[in-house]
Amino acid sequence: MLIHLHFIPQASLALREGKVSPVDLCRKCLNRIKKTQHLNAYISVTEEQALIQAQEAETRLLKGSPKGLLDGIPFAVKDNFSTQNIKTTCASRMLKDYTPPFNATVVQKLLDQGAVLLGKTNMDEFAMGSGSTDGAFGPVRNPWSYAAPYRENTGLDPNSDWVVTGGSSGGSAAAVASLTSYLALGSDTGGSTRNPGALCGVVALKPTYGLLSRHGLIPLVNSLDVPGIITRSVGDAALVLDVLQGVDVKDSTTILPQSSSAHIPEDVDVSALCVGIPKEYHAPGLSMETVEQWSRVADMFERAGARVELVSLPHTQYSIVCYHVLCCTEVASNMVRFDGLEYGHRSEMDSSTETMYAISRHEGFNDVVRGRILSGNYFLLKQSYEHYFLKAQKVRRLITEDFKHVFNSGVDVLLTPTTLSDATRYSDFTKEDNRTRSSQEDVFTQPVNLAGLSAISIPTALSRRGLPIGLQLIAPALQDKRLLSVAQWIEQRVAFPSISDFEEPIEGSERCLKIREHTVQSYKTYYSGCP
Amino acid sequence: STVGLVNGVFAASYTVRSGENKTSHKCLGLSELPTWEPVSEEQLPPPSTVPLDLVDKLERLALVDFRTKQGLSCLEKAIRFADQLHVVDTSGVEPMDSVLEDRALYLRSDVVTEGNCADKLLELSKTTVEEYFVAPPGNIPLPKREERTAMLKDSEF
Amino acid sequence: MCGTRPPTALTPRSYLTAPRCCLCLCALQITIRGRKWHKMIVGIIDQCCSVCLCCSSPHKLVGVVGLEIHAQIRSNTKLFSASPVHFSSPPNSLVSFFDASLPGTLPVLNKRCVEAAVMTGLALHCTINRKSLFDRKHYFYADLPAGYQITQQRRPIAVDGVLHYNLMGGQKKNQVVRKSVHIKQIQLEQDSGKSLHDDLRSQTLIDLNRAEGQLRVDANVSVHRPGEPFGVRTEVKNINSARYLARAIDYEIQRQIQVLERGGTVQNETRAYDSKWDQSCYFAGSRFMPEPNLPPLMVYDDQASLPPGLDLCQAVVVQEIRDTLPELPSVTRDRLVHTYNILPEHSFILVNEDGLVEYFEAVMGQTKMNARKVIGWVTNELLGQLKQRDQSLSQSPISSSVLAELLELQENGHISSSVAKQVFQEMWGSPGKRARAIIEEKDMGLVNDTEKLHRICQKIVDSHPEEVNAIRNGNKKVLNKLMGLVQKETKGRADPVLVRDILKDKTS
């Protein structure tokens, strides 16, 4: 693998300087996808089209007129984003043959910049889940299961004891973590981008609600959904955000960004920063290792002169309940359109319209989806509407107010864990049902969606089991640029390794040397942040 | 071996690191204890049951079936989970539809820019007749629950 | 079902009861999708009230009816998508991805529709809500692909208006009875597609171009004993014509009465009226939820209340729309009565026909003829001809100036009124021919030749000695008979005033 081309600016430079061609880069990624097929990160790989796009990029680069930094850069997209003439399944039997006639706005923007679409990534069915284990095309495996640290520290065989990626954008996170793609789009409703980002050791950004267009994103919860950006560095995420943000007339919930985010300052002065540590995020089930990482980074800030304060978000523990009710009710509404009539799976049994609908939906949806639809319908009944739905809407306001209050009192960003612990083994993960798992896994991430704020997960270290641990930064709405600056500051100091550091050398000793050099360099950087 | 060296470096560095972490940040304290506890059963109102006629009504409204007893127990658990909301005092609080409640809706000008793509749309459907989508006869109500269960057994999956 | 709205939300402001009536028209809720609603709404209420007046019920339970009227807005594109609005286009040709409810597509509101809704609200004397919200109303129907309809239930764009209208009442049903009905609210709402039922192949064909028909009605029906609170109401949808409206309401009232008399309870539900089967059947309870993809709709009172920095194409300003409102029907009617001294019932006739007010006023401006006489011409002759041929005023071959010319000829004594009517019919059959030409051609001018008239009168007098005696004995009315005979002789061309004088003279 081209180690020195891990990040978008480097790859872009190499492409523009002719050191590597877009077609070559594309082929390398496609080969790597084939090599990592056991991860099941992709539902569709669009090899032919990708090579065509790469060829077009090549032509442009040879002429010296690239469209921008993303020209020729391979990317992947979660399979709930509409892609023109490419199957968009949401990992569901209901849409297994659905081929949209249009591109989602964010996909179109990337294509307009010359980026090369490699394929559609795997996920939980209709984005319902936090493990990427409940899709019609099978679960996604965390690439770190196959890396040396996990194998050696636990002594387990990844083929039987692989760990989950987290979800629901597990395929996208795995694609970026396993180096098959430079960036991937996920969706984030309650943490579906940040959760797998943390468990797979990659950068996962959930921008402010309304900053990125949702046109073409098949919705889970319209009032919470945001397209998420997954990359290997904060700088890459900033670059992609800049390309994707902006008002879209096709989406009435989009808002104007405050500024361009393409270039975040190389070195942020944190002495003027106030970092809040919300005490309620020390939740039941939080692993000791995650607490340690949380302390470690808080320490870093304080040593650098930032003000680090304990703050309170009193309604935190009810946030997940609120999210659960609002999610189910919107799901009940959003899923009504899947009846097999205009598109999607249609049952053969059609004695009447209603029978046809009911059976198509029985055949097309998995238990998780059906369960949420039924719960949502329950909450929307006249007898429950005020008691559950309106109540949840009121609690949502309280949660939003909690954040407002804290940010208004001088706190610039909040530092929290992203997940309770490192990734769970699949065999353990499936012991609990989907809803229970989600309620555990999403505890730190969904309050951000309820309040529409901006948040990012960055990997900070490997756990004792050799698996990534990530931390989350939360900023007020429209402060995405500052969020990214602070995130980059942390990234520069934690020196999280790349998965490629643990790969078996494939080609010759020169490559091994490169690995060692890179590792030693990282090692030095790693220690530079310590006293 | 080189690989061993790589691992050795990292393993070693990690051990050193975690040693340092024992002195946790003052904000978080040394304690492993979380700052809150899950809501206990006593705090909740009595659990609601879902009677059979409500099951039938929900299946008709949602046009989705429970399939098994497990499906019904999943619903009851979901309702129980949601019951925790009632511990929260929301007096005087207005419901929140969305974070965009203070924004004004975008108004599009009345100019034609879409449509005229019947062929693309009809391609997506399994059953069309000339330029129409086709539905079976409508307004025939769903059969009774027992019949429906039998029908589902016969279906594809 | 709407969770936030209590089941008995109708507030009667105007309580109409005729002696044997068991229906009370309580409130109107107008859902704006469109066009020439006013005339049609009046037509519908009229129908409804005539049902009122003819049905009787021995039960103490009476029906309470609210109407929800759906009118389509005349705009280039649809409410939430930029696909075109025409009628009679090839199936599904006017459908966008959003209209087909492809997943991931989102609604985008049409400004023109907002303006139309505000205009309608102002015309019906409503309060315009500065901020209004959108909701989803869920129900399953093949021509509703998303499974829900975007509407404005909770907080619509306009509320609390009033519609004044008339009924022909009184003993002989020839008296104009002024009525008014409370308009509960006006809301913007998505339209559905069209289904064609193909019974032969047992299938339904779905065309997602919008449903045709300028006006559709849903009725909310409940029953109660007067003095007691309102009963649970059901909504009967899918009524395609005013004709079926009465039957559907009737059926539903009877059904509810039967349910209650059996000891059952009426369910709050939505029923579809199937005109073919003439019965309503339960098809789904509708649930409401806020529409998350549409932030609040803001309209502004006037230029001064616009927030700074707002793009002017984004501003809907109520005052500006108020300024462009055409004269409202009730104002026009009052003005016509006041200016021309015509009867109120005449003003209704003028206002209810497109363009007739302008026509009438144009005629009045070009003739000295008395307004009430002109009314007679316009309502009997002109409208008569049009109705016979099922035509509208715009298709009339006789323009206002041409008619005015004819009326002047009558006023000036050139022709008698009966001749004028004949000329009118001639002109209708030969468009372009002017009155003078026809009169000359057919020699229809009034005979003023006194000598000739004397001769004819003498002839009549001589041949009717009995009648002459009757007149001489005091029975003046018989003179009319002699006049009629003279007119017959002259083929209606005699100047009636002159004839009367001559006859009086000869019979004195």
Side-chain angles (χ1 to χ4, degrees), chain A residues 80-82 88 90 95 98 100-102 104-105 126 210 213-219 221-225 248-255 326 329-330 332-339 341-344 350-354 356-357 376-377 379-387 389-390 393, chain C residues 1-7 80-82 92 95-109 134-150 193 195 197 202-204 206 208 267-269 283-297 309:
Chain A
N80 57 356
F81 284 90
S82 302
T88 301
C90 296
L95 293 180
Y98 173 62
F102 68 101
T105 300
F126 280 109
S213 169
R214 290 180 299 111
H215 169 76
L217 168 61
I218 297 177
V221 183
N222 286 289
S223 62
L224 304 177
D225 287 351
D248 182 11
V249 294
K250 296 193 181 117
D251 176 355
S252 301
T253 58
T254 49
I255 53 180
L326 295 180
T329 47
E330 271 216 41
S333 176
N334 291 336
M335 295 290 139
V336 176
R337 66 186 60 210
F338 297 107
D339 54 25
L341 195 61
E342 282 88 20
Y343 48 83
D350 56 1
S351 50
S352 79
T353 306
E354 287 179 10
M356 188 273 280
Y357 285 178
N377 272 286
F379 296 134
L380 283 178
L381 288 174
K382 197 160 124 180
Q383 70 218 52
S384 343
Y385 191 84
E386 195 175 325
H387 206 53
F389 183 70
L390 286 185
Q393 286 198 314
Chain C
M1 149 280 152
C2 170
T4 50
R5 186 176 52 156
F80 289 119
S81 77
N92 292 308
V95 178
S96 70
F97 299 148
F98 171 77
D99 300 327
S101 84
L102 294 192
T105 52
L106 301 165
V108 185
L109 184 60
F134 287 92
D135 305 301
R136 291 182 182 181
K137 180 178 182 182
H138 299 83
Y139 59 93
F140 279 112
Y141 211 66
D143 55 20
L144 193 66
Y148 60 82
Q149 191 183 31
I150 301 178
S195 339
H197 299 286
S202 217
Q203 62 188 8
T204 306
I206 310 293
L208 296 174
Q267 299 297 315
N268 175 232
E269 61 195 6
F283 71 95
S286 49
R287 291 134 284 149
F288 282 88
M289 201 189 82
E291 169 56 65
N293 292 315
L294 297 171
L297 170 60

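Proteins get letters first, then strands, A, B, ... in listed order; numbering begins at 1 in each.
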If you compare all heavy atoms of [X] against all heavy atoms of [Y], which two are closest, and at what distance to 0.1 Å?
X       : Y       : value
Y98(A)  : L102(C) : OH-CB, 3.8 Å
P103(C) : S82(A)  : O-OG, 3.9 Å
Y148(C) : R337(A) : OH-NH2, 3.0 Å

Please tell me if the side chains of [X] and [Y] come closer than 4.5 Å, counting only heavy atoms from C-beta onward.
X       : Y       : result
F97(C)  : P100(A) : no
N293(C) : P219(A) : no
P290(C) : F389(A) : yes

Name of the residue among T254(A), D248(A), L217(A), N222(A) meeting side chain to side chain contact (heavy atoms under 4.5 Å, CB included) with L106(C)
N222(A)

Between [X] and chain C, which part of the residue has a heavy atom less than 4.5 Å away: side chain, backbone, both or neither?
X       : answer
F81(A)  : neither
E330(A) : both
V249(A) : backbone

With chain C, the option among T329(A), V221(A), N334(A), D339(A) that has the most non-hydrogen atom pairs under 4.5 Å is N334(A)

Against chain C, work out which of A104(A), G216(A), S223(A), G344(A) has the most heavy-atom pairs shorter than 4.5 Å and name it.
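Going by pairs under 4.5 Å, I would pick G216(A).
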
Could you go step by step and tell me if H138(C) and N377(A) meet the side-chain contact (heavy atoms from CB on, under 4.5 Å) rule?
CA-CA 11 Å; H138(C) 299 83; N377(A) 272 286; over 6 Å; no

Are any side-chain N or O atoms of Y343(A) and backbone N or O atoms of S101(C), one a donor and one an acceptor, separated by less than 3.5 Å?
yes

Find the one option among G147(C), A146(C), A82(C) whose heavy-atom pairs under 4.5 Å with chain A are most numerous.
A146(C)

